[in-house]
Amino acid sequence: MRKPCCDKQDTNKGAWSKQEDQKLIDYIQKHGEGNWRLLPKGAGLLRCGKSCRLRWMNYLRPDLKRGNFGEDEEDLIIKLHALLGNRWSLIAGRLPGRTDNEVKNYWNSHLSKKLKSKGIHHPHKPDRPRQRSIDHQPVRSHDTRVNTSQILPDLNLNLSLSNPVEERLDQLQ
DNA sequence: AAAAGGTCCAACCGCGGCGAG
DNA sequence: ACTCGCCGCGGTTGGACCTTT
């Protein structure tokens with residue numbers, strides 16, 4: 001049995017208040033990102049480190065682009081999803097100012113339905129229960145190989161087996 | 001006007017990889 | 001070589017808000 005990531009009885013949960021946001025922003029501006037486990041104490045927050053990290057990454061970061069996705073972004077997400085599957089962090093990495101959570105939400109609420117209504121089949125179903133298989137490898141920065149059987153044929157890209165994902169992603173842009 | 005149903009998104013949960021010791 | 005804690009990821013949920021009836 002894995003230990004909980006933090007002492008649950010001493011942490012707040014749920015929506016963040018303005019004061020909490022400000023504490024987090026102030027702390028990160030002073031000390032930078034990282035050390036998420038120690039951050040709550042340093043910042044005077046009754047939150048677990050994970051929660052702080054998520055709040056910063058998905059909402060408070062100054063470089064985030066808020067608002068609707070443009071048509072070009074939408075198009076890119078569709079292509080990247082065809083190429084990478086549900087590897088949202090990789091996809092988000094190609095969309096400046098967008099977070100993996102935002103891309104994932106947008107996909108689940110808009111794009112999957114849109115494609116379905118157009119009769120476009122997408123092979124990447126959510127795994128439930130969560131399971132990592134050979135063609136669903138964890139995403140790491142060095143993990144740049146992709147199973148090309150997942151790639152839609154109409155992408156019209158030069159996708160050889162030895163082509164790293166980064167190269168192929170560059171071709172999309 | 002209000003109840004019911006649908007949608008969206010912020011946040012949580014649990015898993016697995018990585019790296020320090 | 002192995003253990004263990006931290007971090008990042010993807011899946012899921014809860015509830016606020018919107019739309020329809």
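A note on names: the letters A, B, ... follow the listed sequences, proteins ahead of strands, and every chain is numbered from 1. Bear in mind that the values here come from a model prediction, so they are computed numbers and not experimental data.
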### Query
If you look at every strand shown and take non-hydrogen atoms under 4.0 Å, does N101(A) touch a base, only sugar-phosphate, or nothing?
base

### Message
Regarding N58(A), tell me which of base, sugar-phosphate or nothing describes its non-hydrogen contacts under 4.0 Å with the strands shown.
### Response
nothing

Protein-nucleotide distance ([X], atom [atom1]; [N], atom [atom2]), rounded to Å:
| X | N | atom1 | atom2 | value |
| --- | --- | --- | --- | --- |
| Y106(A) | dC8(B) | OH | P | 9 Å |
| W88(A) | dT12(C) | CH2 | P | 12 Å |
| L60(A) | dA10(B) | CG | P | 11 Å |
| N86(A) | dC15(B) | CG | P | 19 Å |
| R87(A) | dC15(B) | CZ | C1' | 17 Å |
| D100(A) | dA10(B) | CG | P | 12 Å |
| R53(A) | dA10(B) | CZ | C1' | 14 Å |
| N12(A) | dC12(B) | CG | P | 9 Å |

Per [X] side chain, nearest of listed nucleotides [options]:
| X | options | value |
| --- | --- | --- |
| H110(A) | dG8(C), dC12(B), dC9(B) | dC9(B) |
| Y59(A) | dA10(B), dC8(B), dC7(C) | dA10(B) |
| K13(A) | dC12(B), dT12(C), dC6(C) | dC12(B) |
| L54(A) | dC9(B), dG5(C), dA11(B) | dA11(B) |
| S89(A) | dG10(C), dG8(C), dC9(B) | dG10(C) |
| N105(A) | dC9(B), dC9(C), dG10(C) | dC9(B) |

### Query
Heavy-atom distance under 4.5 Å between the side chains of E74(A) and L111(A), does that happen here?
yes

### Message
Within the structure provided, determine whether N86(A) and H81(A) are in side-chain contact (heavy-atom separation under 4.5 Å).
### Response
yes

### Query
Can you name the residues that form a salt bridge (charged side-chain N to carboxylate O under 4.0 Å, His left out) with E33(A), not counting sequence neighbours?
none

## Note on the structure
Those residues at least two apart in sequence (or on a different chain) that pass salt bridge (charged side-chain N to carboxylate O under 4.0 Å, His left out) with R53(A) are none

### Query
Hey, does the side-chain of K50(A) have a donor or acceptor N/O within less than 3.5 Å of a partner on the base of dG14(B)?
yes

#### Entry: Residues forming a ring-ring contact (aromatic ring centres under 6.0 Å, His included) with Y59(A), sequence neighbours excluded
none

Short side-chain N/O contact to [N] OP1/OP2 from [X], under 4.0 Å:
| X | N | result |
| --- | --- | --- |
| R55(A) | dA11(B) | yes |
| R66(A) | dA10(B) | yes |
| R47(A) | dA11(B) | no |

#### Entry: For DNA chain B, the residues among residues 14-22 of chain A that have a non-hydrogen atom under 4.0 Å from it
G14(A), A15(A), W16(A)

### Query
Counting N and O atoms only, with roles assigned by atom type, does the side chain of N108(A) sit under 3.5 Å from a partner on the main chain of K104(A), one being a donor and the other an acceptor?
yes

### Task
Using side-chain contact (heavy atoms from CB on, under 4.5 Å) as the criterion, list what pairs up with K23(A), not counting sequence neighbours.
L45(A)

### Task
With sequence neighbours left out, write down each residue that passes side chain to side chain donor-acceptor pair (under 3.5 Å) with Q22(A), or none if nothing qualifies.
D26(A)

